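Everything below concerns the one structure shown next.
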Number of protein chains: 2
Amino acid sequence: MYISARSDYALRAMLAVAAGGGGTTRPDGGTTRPDGGDGSRPDGGGELVKAASLARAQGIPLSFLQGILLDLRRAGLLHSHRGTEGGYALTRPASQISVGDVLRAVGGSLTTVRGLPAEDAGYHGVAAGLRDVWLAVDGAIAVVVDRTTLTDLLTHQEQEQAPAR
Amino acid sequence: MYISARSDYALRAMLAVAAGGGGTTRPDGGTTRPDGGDGSRPDGGGELVKAASLARAQGIPLSFLQGILLDLRRAGLLHSHRGTEGGYALTRPASQISVGDVLRAVGGSLTTVRGLPAEDAGYHGVAAGLRDVWLAVDGAIAVVVDRTTLTDLLTHQEQEQAPAR
DNA sequence: CACTCTTCCTACCAACTAAATAGGAATACT
DNA sequence: AGTATTCCTATTTAGTTGGTAGGAAGAGTG
């Protein structure tokens with residue numbers, strides 16, 4: 001029900017990495033390329049993007065973003081390289097990374113009730129049925145976010161199929 | 001993605017009101033009826049339940065619960081009566097009150113991105129497609145919570161139909 | 001080997017919201 | 001009048017989130 005800034009930033013960063021280093025259309029008209037050299041860009045999938053470039057392109061505080069990128073790397077979604085020509089890159093093609101993958105990487109469980117995962121809520125008496133509702137909600141969310149990949153988002157082809165009412 | 005304590009308490013209180021004044025099974029074995037007199041109980045739907053009874057039955061702090069009950073009353077889901085034999089009652093049959101009704105009464109919008117409703121997120125560049133994802137998530141949640149009524153929960157007949165993957 | 005760049009990691013602070021408490025005003029029944 | 005109860009507001013407390021700062025470790029370059 002609530003998407004945190006951390007999850008939001010993580011998705012935007014992943015999209016920017018997948019797109020190859022920054023958005024092309026930025027509202028205030030600045031250039032999104034901080035360093036002059038355009039660098040080698042073998043269009044195949046693995047070019048490295050610097051954290052500073054991502055932060056600038058999507059308007060995310062750099063030091064906050066670094067912690068998020070770290071989570072994404074630990075979850076196995078990003079590969080990083082240090083040094084002068086360092087940066088981040090996807091470990092898999094963008095078509096094989098879903099929104100749910102990113103959300104779970106930074107947020108843990110998808111649906112939480114007062115901070116706890118939905119499955120261990122502990123209801124008494126008449127409220128016992130609530131647990132199943134939360135699990136159903138969790139399942140419904142999972143269907144949407146696991147079906148949508150980064151490629152879908154970049155090509156604007158995400159079809160928002162809400163289940164028939 | 002995150003169900004707050006306020007939403008959780010609101011649903012449990014509504015269920016207890018619908019059930020007529022408290023859970024029958026409480027873990028520590030105390031009686032759920034605070035006052036000795038059982039009072040008149042015309043089993044039709046409109047018996048009044050005291051806030052103290054609800055708080056005791058579901059383990060919710062009383063004064064915190066009162067604020068939640070106020071929201072539910074303002075939203076038109078509960079009817080209250082003051083005085084010695086006062087209490088709260090549903091304004092509609094439990095079969096006509098959905099989980100979504102209760103959630104929206106206490107929480108406002110169903111899906112929020114960093115505190116804002118999902119529809120006005122304001123994405124730039126490559127992240128533009130994210131807005132549609134959140135709207136799809138919101139729709140998927142709405143289907144589940146609007147389909148489930150309080151009666152479904154009380155009779156344990158809620159069928160958790162996750163849409164076919 | 002120095003130097004620079006960048007990721008990596010830890011600790012810390014500020015702001016906000018949720019959660020809970022306390023106390024008082026209004027209302028209804030006896 | 002008196003009592004029980006709902007109703008409403010103001011305040012406090014705790015925890016999470018959002019954001020910042022400052023290095024330490026690795027990678028390339030001269």
Side-chain angles (χ1 to χ4, degrees), chain A residues 1-10 12-13 17 21 34-37 39-40 47-56 58-75 77-89 106-109 112-116, chain B residues 1-10 12-13 17 21 33-37 39-40 48-56 58-75 78-89 103 106-109 112-116:
Chain A
M1 309 267 181
Y2 175 74
I3 290 101
S4 65
R6 198 173 180 81
S7 301
D8 188 44
Y9 288 162
R12 283 157 63 183
V17 172
D35 47 354
S40 64
E47 67 265 37
L48 291 171
V49 181
K50 299 196 202 315
S53 175
L54 298 173
R56 206 167 310 191
Q58 284 292 321
I60 305 173
L62 173 58
S63 45
F64 188 45
L65 176 64
Q66 285 185 333
I68 297 170
L69 291 172
L70 196 59
D71 279 349
L72 294 171
R73 190 186 70 90
R74 289 209 190 99
L77 297 179
L78 284 181
H79 165 73
S80 67
H81 207 236
R82 294 187 184 182
T84 310
E85 285 296 321
Y88 294 87
V106 298
S109 184
T112 58
V113 181
R114 301 164 67 196
L116 284 76
Chain B
M1 308 266 181
Y2 175 74
I3 289 101
S4 67
R6 196 174 181 81
S7 302
D8 189 44
Y9 287 162
R12 283 156 63 182
V17 172
R33 284 270 164 173
D35 46 354
S40 63
L48 291 170
V49 181
K50 299 194 202 317
S53 176
L54 298 173
R56 207 168 307 190
Q58 285 293 321
I60 306 172
L62 173 58
S63 44
F64 188 45
L65 176 65
Q66 286 186 333
I68 298 169
L69 292 172
L70 195 59
D71 280 349
L72 294 171
R73 192 184 68 91
R74 288 209 192 97
L78 284 182
H79 165 73
S80 67
H81 207 236
R82 294 187 182 181
T84 310
E85 284 296 320
Y88 293 87
L103 290 180
V106 298
S109 185
T112 57
V113 181
R114 300 164 66 196
L116 285 76

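In this text, all values refer to a predicted model and were calculated from it rather than measured experimentally. The sequence lines fix the lettering, A, B, ..., with proteins before strands; numbering per chain opens at 1.
Straight-line distance from the CG atom of A:L48 to the P atom of D:dG28: 10 Å, rounded to whole Å. The distance between atom CG of A:L72 and atom C1' of C:dC8, rounded to the nearest whole Å, is 14 Å. The nearest whole Å value for the distance from the CG atom in B:L65 to the C1' atom in D:dT6 is 12 Å. As rounded to whole Å, 13 Å separates atom C1' of C:dC5 from atom OH of A:Y88. Rounded to whole Å, atom C1' of C:dC8 lies 12 Å from atom CG of A:D71. Note: NE2 (A:H79) to C1' (C:dC8) measures 14 Å, nearest angstrom. Atoms CG (B:L69) and P (D:dT5) sit 16 Å apart, rounded to a whole Å. Between B:L70 atom CG and D:dT9 atom P there is a gap of 8 Å when expressed in whole angstrom units.
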How does protein reach along nucleotides 19-30 of chain C, written 5' to 3' as B (base within reach of a heavy atom under 4.0 Å), S (only sugar-phosphate), or - (no contact)?
BBB----BSSS-

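The minimum heavy-atom distance between B:L78 and B:R73, with the atom names listed, is O-CG, 3.5 Å.
Residue B:L65 holds its CG atom at 10.0 Å from CD of B:Q58, rounded to the nearest 0.5 Å.
Not counting sequence neighbours, B:R82 has no partner by the salt bridge (charged side-chain N to carboxylate O under 4.0 Å, His left out) test. A:Y88 is linked by a ring pair (Phe, Tyr, Trp, His ring centres under 6.0 Å) to nothing, counting only residues two or more places apart in sequence or in another chain.
At least one side-chain heavy atom of A:L62 sits less than 4.5 Å from a side-chain heavy atom of A:Q66. Side-chain contact between A:P61 and A:Y9 is present, with heavy atoms from C-beta onward closer than 4.5 Å.
Residue contacts shown for A:G67 are absent, as no nucleic acid heavy atom lies under 4.0 Å away.
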